[in-house]
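One structure is given below, encoded as structure tokens.
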Amino acid sequence: QAQLVESGGGMVQAGDSLRLSCAASERTFSRYAMGWFRQAPGQERELVAAIRWTGGMTYYSNSVKGRFTVSRDNAKNTVYLQMSSLKPEDTAVYYCAADPSFGGLVRGNSGYWGQGTQVTVSS
């Protein structure tokens, strides 16, 4: 069964940087839109960033625009989320997701999800 496995989470201080990685188990995902969602305790899951399979189109939520960068390496079946200038409000479990449709992924209708990785930012 196809899998997405996130890594790179951890505990950092405000202003620090982290890079999350999501490794896909199958080459099929190189043709999928991929993205990062996050969910903080008591809050709804929100889309943070997404990237089309070609890498030519990206999406960022207003809360992370200018601080986070999504990228992908299709040769490695991996998508990344470079997070800079982290804030305490960025604390959440971050999930990788994939979908054949960029629009579908942005709407949250992804068919594939990773298990999540915790990011904790202290003030």
Side-chain angles (χ1 to χ4, degrees):
Q1 185 175 354
Q3 291 184 326
L4 301 174
V5 180
E6 302 99 334
S7 61
M11 296 180 63
V12 297
Q13 294 187 331
D16 286 349
S17 299
L18 271 179
R19 189 178 79 158
L20 305 182
S21 299
C22 172
S25 62
E26 296 184 0
R27 181 110 182 114
T28 303
F29 287 108
S30 66
R31 291 296 188 111
Y32 279 38
M34 299 189 73
W36 292 92
F37 290 76
R38 68 185 181 187
Q39 188 167 22
Q43 297 187 19
E44 293 187 356
R45 184 181 63 197
E46 66 166 332
L47 174 64
V48 174
I51 186 168
R52 200 172 179 183
W53 75 272
T54 60
M57 181 180 292
T58 56
Y59 165 89
Y60 296 96
S61 69
N62 287 334
S63 60
V64 306
K65 198 173 293 184
R67 300 187 298 122
F68 291 11
T69 302
V70 62
S71 61
R72 64 190 298 161
D73 185 339
N74 287 339
K76 297 181 178 179
N77 296 339
T78 301
V79 65
Y80 304 96
L81 184 68
Q82 178 67 48
M83 304 184 294
S84 302
S85 301
L86 283 162
K87 304 175 181 180
E89 51 263 43
D90 294 318
T91 295
V93 178
Y94 284 70
Y95 297 92
C96 177
D99 195 86
S101 164
F102 183 80
L105 185 141
V106 170
R107 289 191 295 271
N109 299 326
S110 301
Y112 299 91
W113 294 88
Q115 83 287 352
T117 185
Q118 177 71 46
V119 172
T120 303
V121 185
S122 61
S123 58

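We're numbering straight along the sequence, starting at 1. On a predicted model such as this, the values are computed, not experimentally measured, just so you know.
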[X] side, atom [atom1]; [Y] side, atom [atom2] - distance, nearest 0.5 Å:
{"X": "Asn74", "Y": "Arg31", "atom1": "CG", "atom2": "CZ", "value": "9.0 Å"}
{"X": "Met34", "Y": "Thr78", "atom1": "CE", "atom2": "OG1", "value": "8.0 Å"}
{"X": "Arg72", "Y": "Thr58", "atom1": "CZ", "atom2": "OG1", "value": "12.0 Å"}
{"X": "Phe29", "Y": "Cys22", "atom1": "CZ", "atom2": "SG", "value": "8.5 Å"}

Worksheet, complete the sentence: disulfide (SG to SG under 2.5 Å) pairs touching residues 26-68, sequence neighbours excluded, are none

Worksheet item: In terms of hydrophobic clusters joined by side-chain contacts under 4.5 Å, are Tyr95 and Val64 together?
Response: no

Response to the item:
By side-chain hydrogen bond (donor to acceptor under 3.5 Å, both in side chains), Glu26 pairs with (sequence neighbours left out) none

Discussion item. Quick one, Val121 with Glu89, criterion side-chain contact (heavy atoms from CB on, under 4.5 Å). Give me CA distance, side-chain angles, the key distance, then yes/no.
Written reply: CA-CA 8 Å; Val121 185; Glu89 51 263 43; over 6 Å; no

Practice prompt. For Arg45, look at atom CZ and say whether over 12 heavy atoms of other residues, nucleotides or ligands are found less than 6.0 Å away.
Written response: yes

Show which side-chain atoms of residues 4-21 pair as donor or acceptor with protein atoms under 3.5 Å away, not counting sequence neighbours.
| residue | atom | partner | partner atom | Å |
| --- | --- | --- | --- | --- |
| Glu6 | OE1 | Gln115 | N | 3.0 |
| Glu6 | OE1 | Gln115 | NE2 | 3.4 |
| Glu6 | OE1 | Gly116 | N | 2.9 |
| Glu6 | OE2 | Cys96 | N | 2.7 |
| Glu6 | OE2 | Gly116 | N | 3.2 |
| Asp16 | OD2 | Gln13 | N | 3.1 |

Practice prompt. Begin with the C-alpha distance, continue with both residues' side-chain angles, and end with the deciding distance and a verdict on side-chain contact (heavy atoms from CB on, under 4.5 Å) for Val119 and Met83.
Written response: CA-CA 10 Å; Val119 172; Met83 304 184 294; 3.9 Å; yes

Which atom of [X] lies closest to which atom of [Y], heavy atoms considered:
{"X": "Leu47", "Y": "Ala49", "answer": "CD1-O, 3.6 Å"}
{"X": "Ile51", "Y": "Ser71", "answer": "CD1-CA, 3.8 Å"}
{"X": "Ala92", "Y": "Ala40", "answer": "CB-N, 3.9 Å"}

Practice prompt. Hey, could you give me each pair passing salt bridge (Lys or Arg N to Asp or Glu O under 4.0 Å) that has a residue in residues 46-63? Not counting sequence neighbours.
Written response: Arg38-Glu46

Sequence neighbours excluded and cut-off under 3.5 Å, please list the side-chain donor-acceptor pairs for residues 97-109, or say none.
| residue | atom | partner | partner atom | Å |
| --- | --- | --- | --- | --- |
| Asp99 | OD1 | Gly111 | N | 3.4 |
| Asp99 | OD2 | Ser101 | N | 2.9 |
| Ser101 | OG | Gly103 | N | 3.3 |
| Ser101 | OG | Gly104 | N | 2.9 |

Item to complete: Provide the full list of ring-ring contact (aromatic ring centres under 6.0 Å, His included) pairs with a residue in residues 35-80, sequence neighbours left out, each pair given once.
Response: Phe37-Trp113

